[in-house]
> 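Could you have a look at this structure, given as structure tokens, before my questions?
We number each residue from 1, following the sequence as shown. Start at 1 and go down the list; that is how both ligands and their atoms are numbered. For clarity, every value in this text was computed on a predicted model and none was experimentally measured.
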Amino acid sequence: MGQLEGKTAIITGAARGIGKAIAELFAEEGANLVLVDMDEDSLNEVAGEFNAEPVIADISDEKQSVSAVEKAFGKFGSLEILVNNAGITRDGLAIRMKPEDFDAVLSVNLKGPFLMSRAAARYMMKARYGKIVNMSSVVGIMGNAGQANYAASKGGLIALTKTLSKELGGRGIRVNAIAPGFIETEMTRRLSEAAVENFLSKVILGRTFGKPVDVAQAALFLSSPASDYITGIVLPVDGGMLIT
Ligand code: NAP
């Protein structure tokens with residue numbers, strides 16, 4: 001039997017990259033899947049591949065996030081798992097960064113998980129069981145030149161994770177974060193050669209990039225009963241980058 005058999009899971013940003021890899025693994029583990037993204041064509045394709053329910057929504061919009069969670073519950077009649085994976089970058093040095101780019105990144109990467117988590121928590125609290133997994137980043141811990149907005153959003157997401165774990169733990173809801181290092185996806189393909197070399201030099205497991213499935217395995221652990229006594233943690237999936 002799959003580790004997520006009978007459980008309903010929402011995964012945001014599931015049309016590609018890490019979110020898609022999580023969807024694939026969760027499908028193998030028997031979850032009822034609801035995949036949320038803004039990229040309609042890719043989302044429909046991925047949902048078809050994994051027999052999942054696609055929901056087109058912008059998670060940074062309150063109405064759309066609440067409606068996405070309601071659709072998930074309405075379709076499957078329960079909601080045990082929320083993976084807040086959707087995220088964006090708008091890189092640039094702080095002194096040149098447009099305030100709109102700061103707001104846009106904070107809105108998707110931090111406000112989005114806040115809105116989705118509280119919409120999901122309403123159902124999870126009633127059931128006295130839930131797992132929320134927030135996709136942070138090592139740069140939310142270390143900072144990163146050129147990513148003031150992104151690093152602040154991911155650091156904020158860690159603080160949100162710890163706060164929600166304290167507010168919701170008494171109702172059986174576990175809230176944890178993952179801090180990926182450098183994972184090969186569309187997002188990292190946009191980085192400069194110098195930034196890539198800087199990240200690679202810090203990976204102590206043989207200077208290799210991580211794969212989306214490496215992060216998906218951590219998301220599975222934090223979503224499955226195997227981690228039922230764990231809440232409020234930040235699990236790095238970074239090839240050792242954080243300790244260099
Ligand atoms: P990705 O390939 O860019 O995929 C992100 C997905 O999220 C896209 O399909 C995107 O759709 C969707 N999305 C963006 N804004 C959204 C919104 N407002 N509402 C709904 N969906 C939205 O990124 P990734 O590399 O897989 O990253 C996934 C997560 O891991 C992100 O939170 C990222 O910050 C985090 N992370 C990644 C790395 C890495 O090395 N790749 C490292 C640390 C942390 P559109 O195409 O329509 O924008």
Side-chain angles (χ1 to χ4, degrees), residues 10-25 34-47 54-69 71 82-91 101 103-116 119 133-144 147 149-158 160-161 177-191 195-196 198-200 202-203 208-216 218-219 222 234-239 241-242:
I10 297 177
I11 304 165
T12 71
R16 63 169 194 243
I18 293 171
K20 183 180 174 187
I22 297 172
E24 182 171 6
L25 188 58
V34 178
L35 307 183
V36 178
D37 207 288
M38 293 197 306
D39 182 342
E40 187 166 358
D41 291 345
S42 308
L43 182 66
N44 286 335
E45 201 177 301
V46 171
V55 177
I56 311 300
D58 175 354
I59 53 138
S60 65
D61 178 89
E62 185 180 7
K63 276 202 185 116
Q64 293 183 47
S65 59
V66 169
S67 151
V69 171
K71 278 183 195 152
L82 167 65
V83 183
N84 284 312
N85 167 77
I88 60 168
T89 51
R90 296 274 189 282
D91 295 351
D101 286 340
D103 287 347
V105 169
L106 268 287
S107 190
V108 175
N109 296 8
L110 185 53
K111 190 172 139 206
F114 163 71
L115 294 172
M116 290 294 295
V133 180
N134 292 324
M135 205 55 74
S136 180
S137 166
V138 290
V139 309
I141 299 166
M142 306 190 299
N144 192 28
Q147 292 197 307
N149 48 5
Y150 183 78
S153 73
K154 296 300 188 181
L157 190 53
I158 290 172
L160 180 70
T161 299
I178 298 173
F182 192 109
I183 311 297
E184 275 177 356
T185 68
E186 285 294 316
M187 186 176 272
T188 44
R189 259 189 282 283
R190 289 194 292 267
L191 287 174
V196 171
N198 176 45
F199 276 123
L200 262 189
K202 293 192 167 72
V203 177
T208 49
F209 297 141
K211 301 256 185 295
V213 68
D214 295 319
V215 182
L222 292 175
V234 184
L235 177 58
V237 180
D238 67 344
M241 196 185 276
L242 267 181

> For Ala104, is there any backbone N or O sitting under 3.5 Å from a side-chain donor or acceptor partner on Ser107?
no
> Is Met187 close to Ile18 at the side-chain level, that is, under 4.5 Å between some pair of heavy atoms?
no
> Quick one: which ligand 1 atoms are inside 4.0 Å of a heavy atom on Ala57?
19 (N), 20 (C)
> With no hydrogens and no angle check, is any side-chain donor or acceptor of Thr12 less than 3.5 Å from a backbone partner on Ala86?
yes
> May I ask you to list the atoms of ligand 1 that are less than 4.0 angstrom from any heavy atom of Thr188?
39 (C), 40 (O), 41 (N)
> Using side-chain heavy atoms (C-beta onward) and a distance below 4.5 Å, is Asn85 in contact with Ile178?
no
> So is Thr12 in contact with ligand 1, going by heavy-atom distances below 4.0 Å?
no
> Counting each atom of ligand 1 from 1 as listed, which ones have a heavy atom of Lys154 under 4.0 Å away?
31 (C), 32 (O), 33 (C), 34 (O)
> Hey, could you give me the CD1/CG distance between Ile56 and Asn44, rounded to the nearest 0.5 Å?
5.0 Å
> Any idea which part of Glu184 is under 4.0 Å from ligand 1, heavy-atom wise: side chain, backbone, both or neither?
neither
> State, with a plain yes or no, whether a side-chain heavy atom of Ser153 is found less than 4.5 Å away from one of Leu106.
yes
> Could you work out, for atom 33 (C) of ligand 1, the closest of Phe182, Phe209, Phe199, Tyr150 by heavy-atom distance?
Tyr150
> How far is atom 27 (O) of ligand 1 from its nearest protein heavy atom, and which residue and atom is that?
Ile18 CD1, 3.9 Å
> Can you tell me which residue and heavy atom of the protein come closest to atom 19 (N) of ligand 1, and the distance to 0.1 Å?
Ile59 N, 3.1 Å
> Taking atom CG of Asn144 and atom OG1 of Thr89, what is their separation to the nearest 0.5 Å?
11.5 Å
> For Asp58, take its heavy atoms, then give the atoms of ligand 1 lying under 4.0 Å from any of them.
17 (C), 18 (N), 19 (N)
> To the nearest 0.1 Å, how far is atom 7 (O) of ligand 1 from its closest protein heavy atom, and which atom is that?
Gly13 CA, 3.3 Å
> Would you say Ser137 and ligand 1 have an N/O pair spaced under 3.5 Å apart?
no
> Quick check: do Asn109 and Leu157 have side-chain heavy atoms less than 4.5 Å from each other?
no
> Could you state the interatomic distance from CG (Asn134) to CE (Met116), rounded to the nearest 0.5 Å?
11.0 Å
> Without swapping roles, check the side chain of Asp37 against the backbone of Leu43 for a donor-acceptor pair under 3.5 Å.
no
> Could you identify the single nearest non-hydrogen protein atom to atom 1 (P) of ligand 1 and state the distance to 0.1 Å?
Arg16 NE, 3.4 Å
> Between Ser60, Ala15, Ala86, which one has a non-hydrogen atom sitting closest to atom 22 (C) of ligand 1?
Ala86
> Measure the distance from atom 14 (C) of ligand 1 to every protein heavy atom, then report the residue, atom name and distance (to 0.1 Å) of the closest one.
Ile88 CG2, 3.6 Å
> Decide whether the shortest distance between a heavy atom of Asn85 and an atom of ligand 1 is less than 4.0 Å.
yes
> Which residue and atom name correspond to the protein heavy atom nearest atom 25 (O) of ligand 1, and how close is it?
Thr185 OG1, 2.5 Å
> Quick one: pull up OG in Ser137 and CD1 in Ile183 and give me the separation to the nearest 0.5 Å.
9.5 Å
> Below the 3.5 angstrom mark, is there an N/O of Pro180, backbone or side chain, next to an N/O of ligand 1?
no
> Pull out every atom of ligand 1 sitting under 4.0 Å from any heavy atom of Ile183, numbered as shown with elements.
39 (C), 40 (O), 41 (N)
> Do the non-hydrogen side-chain atoms of Val196 and Phe182 ever get within less than 4.5 Å of each other?
yes
> Donor-acceptor check, side chain of Ser60 to backbone of Gly112, threshold 3.5 angstrom: yes or no?
no
> Relative to atom 16 (C) of ligand 1, which among Met135, Met38, Lys20 owns the nearest non-hydrogen atom?
Met38
> Set out, in order, the CA-CA distance, both residues' side-chain angles and the distance that settles side-chain contact (heavy atoms from CB on, under 4.5 Å) for Thr188 and Thr185, then state yes or no.
CA-CA 6 Å; Thr188 44; Thr185 68; 3.8 Å; yes
> Consider ligand 1: state whether an atom of it lies below 4.0 angstrom from any non-hydrogen atom of Ser136.
yes
> Please report the interatomic distance CZ(Arg16) to CG(Asp39), rounded to the nearest 0.5 Å.
6.5 Å
> Where on Val108 is there a heavy atom closer than 4.0 Å to ligand 1, on the side chain, on the backbone, on both, or on neither?
side chain
> For Gly17, take its heavy atoms, then give the atoms of ligand 1 lying under 4.0 Å from any of them.
26 (O)
> Just to confirm my output: which protein heavy-atom neighbour is closest to atom 42 (C) of ligand 1, and how far is it?
Gly181 O, 3.0 Å
> Can you name the atoms of ligand 1, numbered from 1 with element, that are less than 4.0 Å from a heavy atom of Asp39?
47 (O)
> Just to confirm my output: which protein heavy-atom neighbour is closest to atom 10 (C) of ligand 1, and how far is it?
Asp37 OD1, 3.6 Å
